[in-house]
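Each residue takes its place number in the sequence, starting with 1. These numbers come from a predicted model, not from an experiment.
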Amino acid sequence: MSVIVAKSAGFCFGVSRAVDMVEKAAAEGRRVVTLGPIIHNRHVVDKFDRMGIRVIDTPQEAQPDMTVIIRSHGVAEAVMKTLQNQGCEIIDATCPFVKRIHGIVANAEAEGRLPIIIGTRSHPEIEGIAGWCRNCRIFENPEELEKWIKNENPDRDLPICMVSQTTSTECLWKKSTQIAKKEFTNLKIFDTICRATESRQTEAAQLSAVSQAMVVVGDAKSSNTGRLAMICREHCGRVVLVDNASELVPGDFCGVTDVGITAGASTPAWIIKEVNNTMSEIINVDAVQEENFAELLEQSIKTLNTGDKVTGVVTGVSNTEVQVDLGTKHAGYIPYDEVSADPSVKPEDILHVGDEIEVFVVRVNDQEGTVQLSRKKLEGMKIWDDMAAFVEDKATVEATVTEENKGGLVANYKGIRVFIPASQSGIAKGGDMSVLVGQTVKMKITEVNRNRHRVIGSIRAVSSEERKAAQEKIWSEIENGKKYHGVVKSLTSYGAFVDIGGVDGMVHVSELSWNRIKTPADVVKVGDEIDVYVISFDPEKHKISLGYKTPEMNPWNQFMTKYNVGDVVTAKVVKMMTFGAFAEIMPSVDGLIHISQIADRRIGKPEDVLTEGQEVQVKITDIDAENKRISLSIRALLEDAQDEEVSE
């Protein structure tokens, strides 16, 4: 058996604020009156009556010596002007959410738009909202809106501004906006449902779905309480609406073991507590759910100060601001430009209803009951703390380079401007630093001056650190014959220096190619990526000798793989000797054509038949692999040709 009280039952911050303003004005000895009952709860109104606080029904009843308190529902602009003309003091306790709607409809009409209000016509809040524009349309439900569109057939391009009563249900509001979106092309929609009301209604639906009976506590005349009862009846077959604990009838709960309790926004905490205790006695609950209502009420009226860091819950994300419940009588809001330091961030992408967030209090307006908050300022404060820690810890961070200036580069780290001197950019002196603009780079934060908002960073420090780590790794693992993929860094007359990952090694000119070359530039150029292997190394002197030419690249090995004795090839005569001529079969592979093999007749010297540079057809007659010698013959081809003629 259990009795569960909804967490959001009772006073909302707007009602709590209004009650607090009445009590404060009375305590100061003023002659206080309220224009209409301050809230829809006779117990609170009776209490104020005993304190000498009267209720007046019209502004004309106000007298110059009176302090007139406007209730949280708000009033029309004309009513405010009448009270001013009466010469009395006015304390405006209009709920900040309602006050915002007054401004929306007034501005909309000034723009030439027709305000459409979804809500109960006779409700004081709706009457007040309608009083801030000369012409508007009020619809209690989507069916009325649809009927108006059908009967009057308004222009589809008619400029419309659409708002909702703060205590309307989400279901009615969504259906109404869907109809409007289909019918009107020039439409502005402002979701003005109070998120505290929405939370209370959601909790009521959830609690009634799992309870055998629901008790709704509040004034039967209250629209807010009536909607709660209606929502509960949709999910629970036994719903009782009571004004206080004395109206609970034990017979209504025969056979019931699980009861849920919720209450309207105008129900005081002490009445909810009495209902909770009485209900627990009726169904014989052994352990009564203890709720410290006094403490909860105290929290709802706690003060806030500019500069405070507070935690709240996101209750709504509109197209201009984010609403935050701080658990106080104030309405907290974060303007869009105060959500994040990153201009590309969209508030609706990072903040959602129900999120718990920490915020910075920018401005407190006790008169209007609002608090301007900033997530960006708190975010900025934390980032500056992080920056100082980065210097201390020598941490590496990533930031985006946004521009190049005369002295170096500028990067953005979470909205903080970081200057990178040219000497710390990692670009060689005179090099093009603009290639880094738009790139995400790693850097060290080397200096932070919060007072001057100055941060210095170094890309070079990260490069040096990474290079040092790479060097240590290479020297710890290096061995003869080990292969590396490197980059040619520079060339000299005697070889090429290659970076193999933080350490430079040298490839001697003799190790670059099997062919005869004049300079290293004949084989490689700066920036080339090549595969090398270790020939030898000296850790003490930090010297590494590398090889580039491999056995696979050896021209003799390539020749042996490609040619055999008896093959006919085209060769180029490269050198004349008294005993014959040398001919190049492939680069760096020559064969000898003996003088006796140059022609099919006796000749005095090779020059009688051949000239240097001449290409001739030769036959490979012998290969001495051990001494790497090749014998070639032109005569053999001539004799082969004669034999073919005789055969034919």
Closest non-hydrogen contact found for Arg629 with Trp556 is N-CH2, 3.9 Å
Is the shortest side-chain heavy-atom distance between Met506 and Leu546 below 4.5 Å? no
Tell me whether the count of non-hydrogen atoms from other residues, nucleotides or ligands lying under 6.0 Å of CZ in Arg450 goes above 12. yes
Look at the side chain of Asp355 and the backbone N and O of Leu351, then say whether any donor-acceptor pair between them is shorter than 3.5 Å.
no
Original post:
Checking side-chain contact (heavy atoms from CB on, under 4.5 Å) for the pair Ile189/Phe184: CA distance, chi angles, key distance, verdict?
Top reply: CA-CA 11 Å; Ile189 295 175; Phe184 300 107; over 6 Å; no
Shortest non-hydrogen pair, Ile104 vs Cys161, comes out as CG2-SG, 3.7 Å
* Would you say Glu203's side chain and Lys7's backbone share a donor-acceptor pair under 3.5 angstrom? -> yes
### Query
Can you check whether Arg156 reaches Glu183 side chain to side chain, under 4.5 Å on heavy atoms?
yes
Does any N or O in the side chain of Ser633 come within less than 3.5 Å of the main-chain N or O of Lys619, such that one atom is a donor and the other an acceptor?
-> no
(Q) A side-chain contact here means heavy atoms from C-beta on lying under 4.5 Å apart; do Arg417 and Val410 qualify? (A) yes
**Prompt:** Is there side-chain contact between Tyr484 and Ile474, with heavy atoms separated by less than 4.5 Å?
**Reply:** yes
I'd like to know if Glu338 and Lys377 make a salt bridge, using a cut-off of under 4.0 Å between side-chain N and carboxylate O. yes
Taken to the nearest 0.5 Å, the spacing of Met560 CE from Ile630 CD1 works out to 8.5 Å
* To do: Measure the shortest side-chain to side-chain distance between Tyr533 and Lys483 over non-hydrogen atoms and say whether it is less than 4.5 angstrom.
  => yes
Check: For residues Tyr336 and Glu348, is any side-chain donor paired with an opposing acceptor at under 3.5 Å?
Finding: yes
Show, in sequence, the C-alpha distance, side-chain angles and deciding distance for Arg113 and Asn107, and conclude whether the side chain to side chain donor-acceptor pair (under 3.5 Å) test is met.
CA-CA 9 Å; Arg113 292 183 176 275; Asn107 292 335; over 6 Å; no
Note: Asn557 and Thr561 closest approach over all heavy atoms is O-OG1, 2.8 Å
Check your understanding: Just wondering, do Tyr563 and Met586 contact through their side chains at under 4.5 Å, heavy atoms?
Key -> yes
### Task
State whether the number of non-hydrogen atoms from other residues, nucleotides or ligands found under 6.0 Å of Lys562 atom NZ is greater than 12.
no
Surrounding CD of Gln617 (heavy atoms of other residues, nucleotides or ligands, distance under 6.0 Å), is the total greater than 12?
yes
message: Main chain of Ala461, side chain of Ser464: is a donor-acceptor contact present, judged purely on distance under 3.5 Å?
response: no
Under the criterion side-chain contact (heavy atoms from CB on, under 4.5 Å), I'd like the reasoning laid out for Asn564 against Asp567: C-alpha separation, chi angles, the key distance, then a yes or no. CA-CA 6 Å; Asn564 296 293; Asp567 288 350; 3.9 Å; yes
Full working for side-chain contact (heavy atoms from CB on, under 4.5 Å) between Leu373 and Leu326 = CA-CA 10 Å; Leu373 306 168; Leu326 301 173; 4.0 Å; yes
Distance col, row Met433:CE vs Ile420:CD1, nearest 0.5 angstrom, shows 10.0 Å
### Query
Would you find a donor on one side and an acceptor on the other, under 3.5 Å apart, between the side chain of Thr192 and the backbone of Ser164?
yes
Q) According to the interplanar angle, ranging from 0 to 90°, do the rings of Phe579 and Phe582 count as parallel (below 30°), tilted (30 to 60°) or perpendicular (above 60°)? A) perpendicular
_Under 3.5 Å donor-acceptor, Arg375 side chain and Val339 backbone_ = yes
Tightest non-hydrogen contact, residues Thr621 and Val565, listed as O-CG1, 3.5 Å
Q. Is there a side-chain contact (heavy atoms from CB on, under 4.5 Å) between Thr519 and Val509 once you walk through the steps?
A. CA-CA 7 Å; Thr519 68; Val509 66; over 6 Å; no
Separation between CE (Met387) and CD1 (Ile416), nearest 0.5 Å, reads 5.5 Å
**Gln424 side-chain N/O to Pro421 backbone N/O, donor-acceptor pair under 3.5 Å** = no
Here the gap from Asp504 atom CG to Lys489 atom NZ, rounded to the nearest 0.5 Å, amounts to 7.0 Å
Taking every heavy atom of Ser513 against every heavy atom of Val523, the minimum-distance pair comes out as CB-CG2, 3.9 Å
ask   = Do other residues, nucleotides or ligands put more than 12 heavy atoms under 6.0 Å from Arg460 CZ?
value = no
Are Thr396 and Lys444 side-chain neighbours, meaning at least one heavy-atom pair lies under 4.5 Å? yes
Between Tyr413 and Ala399, the two heavy atoms sitting closest are CB-CB, 4.1 Å
Value for CG (Asp590) from CZ (Phe559), rounded to nearest 0.5 Å, stands at 11.0 Å
dist Leu632:CG -> Leu592:CG (nearest 0.5 Å) comes out at 7.5 Å
**OP:** Check whether any side-chain heavy atom of Phe419 lies under 4.5 Å from a side-chain heavy atom of Asn405, and answer yes or no.
**Re:** yes
Next on the checklist: Closer than 3.5 angstrom, by distance alone: can the side chain of Thr400 be matched with the main-chain N or O of Asn412 as a donor-acceptor pair?
Outcome noted: no
Assess whether a salt bridge exists between Asp385 and Lys382, defined as any Lys/Arg side-chain N lying under 4.0 Å from an Asp/Glu carboxylate O. no
